2 protein chains.
Amino acid sequence: MRPLEIWSGRSNIRFMTTRPAQKHAAGSGDSKAHAKGQCGPGRPRGYDEQEVLSAALQVFWRQGYEATSLDDLTGAMGLSRSSFYAAFGSKQGVLIAALKSYSATALSALRELADGPREGAVRAMLQALSNPQGGPKGCLLVNCITELAPHEQEVAEIGRRHLQGVEDLFASALNPEAPESVQDKARALSALAIGTLTLRKSGLPPDQISKALEAAEGILTS
Amino acid sequence: MRPLEIWSGRSNIRFMTTRPAQKHAAGSGDSKAHAKGQCGPGRPRGYDEQEVLSAALQVFWRQGYEATSLDDLTGAMGLSRSSFYAAFGSKQGVLIAALKSYSATALSALRELADGPREGAVRAMLQALSNPQGGPKGCLLVNCITELAPHEQEVAEIGRRHLQGVEDLFASALNPEAPESVQDKARALSALAIGTLTLRKSGLPPDQISKALEAAEGILTS
DNA sequence: CGAATTCTGGAACGCTCAATCCAAAAATAG
DNA sequence: CTATTTTTGGATTGAGCGTTCCAGAATTCG
């Protein structure tokens, strides 16, 4: 078996030590309002961090993690290798940043549907999850969970939190009557939506999936 | 983007031309009863084809396609590179053979459950699919569909047929009353089962998944 | 016993991989 | 202006990749 322990621990010591202030968290939590104007002495960056992260996200989404090379990434991001490693530390680093950004964006969009009119909320969420912006590329997080989670605990952790978030939104959109099995129903709805992504990838046309979802939804939400 | 066109077309011309009779189909269809005893002049093989294929299958299952190197494969199979390429032609070749073998085995096992007593058949199928032999590794075919199907049409094709098979078995296990939406219900059940594999990979314990499945199943099958 | 055929071990091939390094460029601070 | 700090481009690194090749070992056929 190939050594996969690259992931944990020894990530780019040079970067982590020489530039500890620039945490770049990439869209998730601790963005310290890194105003883009003047921020110190040195040469300013020639790129927008969110933009290049979004470019990297798209590549991972289209190709998967292992099938994506650093040339793919730097090419799509428009960055030299130096800038890439200075900003993200490693290939794994930019993946983690992309996954966090993706999760935040996706959950935010889903929350709007969950907070909409009660009737139709679940249906709208199912349709949105099963027919994501990525089209046949599916859901970036589901793809990466499938490919990496068993061996890379940080991916698994981000994935677990994301799926919990989806579940919670389903639960909040379900009829609060009969709350004894709301969590289980929400979990089943999540699984149902996620499963359709595999059907889609294998070539099933979207309208066939919508039909199946409607057949299931009518009874699952009651 | 990295050149991925390796897949189609130009697969090991030397092997294909110099040894065209040995099709090795690896467990799927056209096994010409390749009796293991005497089968011609030359030196006999020092390995069992089904055994080494099963070993390769396990490695792909555990690590995924891209993360598996040829050293991983030949090491687990106990084959030299020469024997490997003589038997399977390429890394893609052994994956395809493994997927076909996996699909046949899995569908056969699922058919026994579908043909069992009507009440409980659907539940047994859901539990079996969501808690496969592979444990947290999930389902080999679902893994490979997620990782490869958008770019490798042969994987997509095998996956599509497999999922269609699962759907058909669900349909045959469903109550034949109200047959107007049997196919959609069966498709939804497939998606539900497949989706639980992602939950499992992200770390959700099996009993939580079983609970959600039972909550969904009671109403989905009625 | 040769001759023909087939498998096996292991080295080698060309290439790509993720990651590193360094000097030049571009900004601020005094 | 000079000194300092940071980013950038591009060459480089050593290891690993999938695949090929060939000489020798093992078997059957005449």
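A, B, ... follow the sequence lines: proteins, then strands. Residue 1 opens every chain. Fair warning: this is a prediction, and the values are worked out from it, not measured in the lab.
- Remark: side-chain polar atoms of B/Ser210 are paired, donor with acceptor, to backbone N or O of B/Pro206 under 3.5 angstrom.
- Going from atom CG of A/Leu79 over to atom P of D/dT8 covers 7 Å, rounded to whole Å.
- Comparing atom distances between the A/Gln92 side chain and each of C/dA26, C/dA19, C/dT8 picks out C/dA19 as nearest.
- Between the OH atom of B/Tyr47 and the P atom of C/dT6 there is a distance of 14 Å, rounded to whole Å.
- B/Lys137 places no side-chain N or O within 3.5 Å of a backbone atom of B/Pro132 that could act as its donor or acceptor partner.
- With hydrogens and angles disregarded, no donor-acceptor distance shorter than 3.5 Å links the side chain of A/Lys201 to the backbone of A/Thr198.
- Between B/Phe84 and A/Ser80, the residue anchored closer to the 5' end of DNA chain D is A/Ser80, taking for each the nucleotide with the nearest heavy atom.
- The 12-atom threshold is not exceeded at CD of B/Gln133, counting heavy atoms of other residues, nucleotides or ligands nearer than 6.0 Å.
- Between D/dT28, D/dG24, D/dT8, one nucleotide has an atom nearer to the side chain of B/Arg43 than all others, and that is D/dG24.
- Following rounding to the nearest Å, B/Tyr85 (OH) and D/dT19 (P) show an atom-to-atom distance of 4 Å.
- Taking the side chain of B/Arg81 as heavy atoms from C-beta on, and the options D/dT5, C/dT8, C/dA12, the nearest nucleotide is C/dA12.
- Rounded to an integer number of Å, the gap from CZ of A/Arg45 to P of D/dT7 is 5 Å.
- Atom P of nucleotide D/dG9 and atom CE of A/Met77 are separated by 13 Å, given to the nearest angstrom.
- As a whole-Å value, the separation of A/Gln63 CD from C/dC17 C1' is 14 Å.
- Listed nucleotides C/dC17, D/dA26, D/dT6 differ in distance to A/Asp71; the shortest reach to its side chain belongs to C/dC17.
- Each of B/Gly78 and B/Gly42 lies near DNA chain C, and the nucleotide nearest B/Gly42 is the one positioned closer to the 5' end.
- Side-chain nitrogen and oxygen atoms of B/Ser69 include at least one within less than 4.0 Å of the OP1 or OP2 phosphate oxygen of D/dC17.
- Between C/dA19, C/dA25, C/dC21, one nucleotide has an atom nearer to the side chain of A/Ser82 than all others, and that is C/dC21.
- With rounding to whole Å, B/Glu66 atom CD is found 15 Å from C/dA18 atom C1'.
- Between the B/Tyr102 side chain and the B/Leu140 main chain, a donor and an acceptor come within less than 3.5 Å of each other.
- When rounded to the nearest whole Å, the span between CG of B/Asp72 and P of D/dT19 equals 14 Å.
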